[in-house]
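In this chain, numbering begins with 1 at the start of the sequence shown.
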Amino acid sequence: MKILKDILYKVRIESVIGSTEIAIHKIDFDSRKIEENDVFIAIRGSLSDGHEYIEKAIQLGATAIICDTLPGHIEKGITYIQVKDTNTALAFMAANYFGNPSEKLKLVGVTGTNGKTTIASLLFQLFQKADFKVGLLSTVKIMVDETEYKATHTTPDSITINHYLNEMIEAGVTNCFMEVSSHGIHQKRTEALHFVGGIFTNLSHDHLDYHPSFAEYRDVKKSFFDSLPKTAFALSNIDDKNGAVMLQNTVARKFTYALKTYADFKAQILESQLSGLLLKVNDNEVWVKLIGTFNAYNILAIYGTAIELGMDSLEALRLLSDLESVSGRFQYIVSRGNITAIVDYAHTPDALENVLKTIDDIRTKNEQLITVVGCGGNRDKTKRPIMAQIATNLTDKAILTSDNPRNEDPEVILDEMEKGVEPHNYKKLLRITDRKQAIKTACQLAQPNDIVLIAGKGHETYQEINGVRHHFDDMETVKEILDQLNK
């Protein structure tokens with residue numbers, strides 16, 4: 001049991017009704033999980049307001065309520081803490097409840113539109129190969145040293161983050177790499193965490209269903225760097241037009257990486273093949289198994305971070321050459337019929353363009369490139385026509401299909417995508433709503449040496465339709481189809 005007063009450290013309190021000297025069991029923002037002697041934190045979400053569940057939480061046994069607006073009826077014997085912002089309060093309370101675990105290891109946050117998962121996952125892999133005990137908080141999975149847990153969000157809620165960080169401390173983990181999403185920053189989930197470093201990858205069109213403007217999306221990302229302590233490092237992709245913006249007001253030590261301009265960590269692509277990249281990183285050559293210009297940027301971010309965390313530069317390069325690609329990130333197979341199928345998470349215009357240009361750089365141009373692409377439902381609608389425009393401009397044939405339609409009509413999503421297709425590209429276009437059938441058609445159209453790109457879902461093993469998740473794995477599906485076609 002913990003004392004309520006102790007877990008309120010650093011929380012901005014407006015008023016108190018009752019005692020803060022009470023013993024509490026645990027904290028939670030989900031009223032359904034409340035038990036005897038718990039603290040209920042009322043969070044205002046996009047779909048529901050936790051303040052409406054205060055009475056239910058008390059009925060289930062909550063003895064303390066954290067809220068930004070006091071309820072009309074005050075229950076006798078219950079402690080009410082009115083705070084400035086319940087999201088921020090949750091962040092500090094979660095950190096305090098678990099003993100501020102982020103201060104007991106080296107936590108590095110990775111933010112940007114694209115590349116977060118790859119960089120965080122490969123940093124985990126690199127430091128593990130260097131015999132460190134490492135932690136990972138990513139879109140794909142959560143790792144506590146050798147133990148894997150399922151991930152549900154890019155940046156989990158504050159309680160989940162601190163729970164796993166505490167597990168890492170107990171497991172002897174010394175370094176943790178964490179994806180930091182704009183949602184997570186905006187909702188204060190990272191507010192009370194102690195970071196020793198932050199990495200900025202790039203900024204492009206995404207999440208404008210959540211953020212009212214691109215400027216706010218950018219400024220939310222920037223606020224992560226603004227909050228870094230002077231003891232931390234801030235590593236930014238200076239080739240991105242927002243790279244310098246991220247570093248403007250941070251008090252952290254500033255470092256840059258780039259392919260095109262002068263930077264602290266610089267690379268030149270000497271060779272680019274389907275089997276990997278030959279890079280000149282600062283003054284040393286290294287062969288890596290990752291593919292494409294976007295991965296050259298990722299390698300630089302990883303290398304720079306390793307150096308700033310104290311790793312020898314030659315050791316870092318040696319380990320970089322041994323890294324394996326991340327699930328669903330330019331993951332490819334070559335069938336018995338010599339068809340190359342690539343699965344990639346590219347779900348933004350910039351990411352799709354990067355992947356298609358990477359393929360174009362390494363292909364012979366004697367083969368056909370067929371792209372299967374969709375856009376998610378209940379998400380940023382403005383990118384839909386842009387995605388279709390890019391797919392039809394940069395490919396020989398594009399098949400528009402469902403991604404995760406969620407609660408939207410998939411045909412309407414495809415209609416909105418199709419608006420971006422230029423008239424002269426209609427001859428390249430097919431519409432097949434069923435994703436499996438779309439992938440099958442792409443494989444049937446492909447001839448020996450052709451390339452099939454399946455974009456949008458990457459590592460995901462489900463398709464969400466009308467609120468229900470059905471098992472669907474792009475790589476599993478394309479392997480099965482190609483095997484059947486080659487019998």
message = Evaluate D396 against K365 for salt bridge (Lys or Arg N to Asp or Glu O under 4.0 Å), listing each step before the verdict.
response = CA-CA 10 Å; D396 298 302; K365 310 296 190 295; over 6 Å; no
message = Would you say T113 and Y217 are linked by a side-chain donor-acceptor pair, where the criterion is simply a distance under 3.5 Å?
response = yes
D350/K383 salt bridge by N-O under 4.0 Å criterion = no
With S182, the side-chain contact (heavy atoms from CB on, under 4.5 Å) member among D219, T111, L203, V220 = V220
query = If you measure only the distance, is there a donor-acceptor pair under 3.5 Å linking the side chains of S313 and N284?
reply = no
query = Side chains of T433 and E411: is there a donor and an acceptor less than 3.5 Å apart?
reply = yes
inquiry  = Between D450 and Q368, is there a side-chain donor-acceptor contact under 3.5 Å, judged purely by atom types and distance?
reply    = yes
request  = Supply the atom-to-atom distance L235 CG to T305 OG1, rounded to the nearest 0.5 angstrom.
outcome  = 5.0 Å
note = The side chain to side chain donor-acceptor pair (under 3.5 Å) partner of R329 among N114, D344, T117 is T117
inquiry  = Taking D49 first and then R44, would you say they form a salt bridge - that is, a charged N and a carboxylate O separated by under 4.0 Å?
reply    = yes
ask   = Between E480 and K436, is there a side-chain N and carboxylate O pair less than 4.0 Å apart?
value = yes
inquiry  = For the CD1 atom of I291 and the CG atom of L274, what is their distance to the nearest 0.5 Å?
reply    = 5.0 Å
query = When F195 is tested against each of F177, F224, F233 for ring pair (Phe, Tyr, Trp, His ring centres under 6.0 Å), which residue passes?
reply = F224
request  = Assign the ring pair F265 / Y303 to parallel, tilted or perpendicular, where the plane angle (0 to 90°) is split at 30° and 60°.
outcome  = perpendicular
task = Working to the nearest 0.5 Å, report the span between CG of D28 and CD1 of I159.
result = 4.5 Å
query = Under 30°, 30 to 60°, or over 60°: which ring-plane class applies to F225 and F200, parallel, tilted or perpendicular?
reply = perpendicular
inquiry  = Before you tell me yes or no, could you show the steps for I333 and M475 under side chain to side chain contact (heavy atoms under 4.5 Å, CB included), namely the whole-Å CA-CA distance, both residues' side-chain angles and the distance that decides it to 0.1 Å?
reply    = CA-CA 9 Å; I333 57 165; M475 182 54 78; 3.9 Å; yes
Presence of salt bridge, R318 and E315, under 4.0 angstrom = yes
query = Among side-chain atoms of T461 and D473, is any donor-acceptor pair under 3.5 angstrom?
reply = no
inquiry  = I'd like to know if the side chain of T392 pairs up with that of K428 as donor and acceptor (distance under 3.5 Å, no hydrogens or angles considered).
reply    = no
request  = Verify the distance criterion only: is there a donor paired with an acceptor across the side chains of Y297 and D239 at less than 3.5 Å?
outcome  = yes
task = Would you kindly say whether H183 and R189 are connected by a side-chain donor-acceptor distance under 3.5 Å?
result = no
query = Above 12 or not: heavy atoms from other molecules or residues under 6.0 Å from NZ of K222?
reply = yes
query = How many angstroms lie between CE in M387 and CD1 in I413, if you round to the nearest 0.5 Å?
reply = 12.0 Å
ask   = Can we say D474 and R435 salt-bridge, meaning some charged N sits less than 4.0 Å from an Asp/Glu carboxylate O?
value = yes
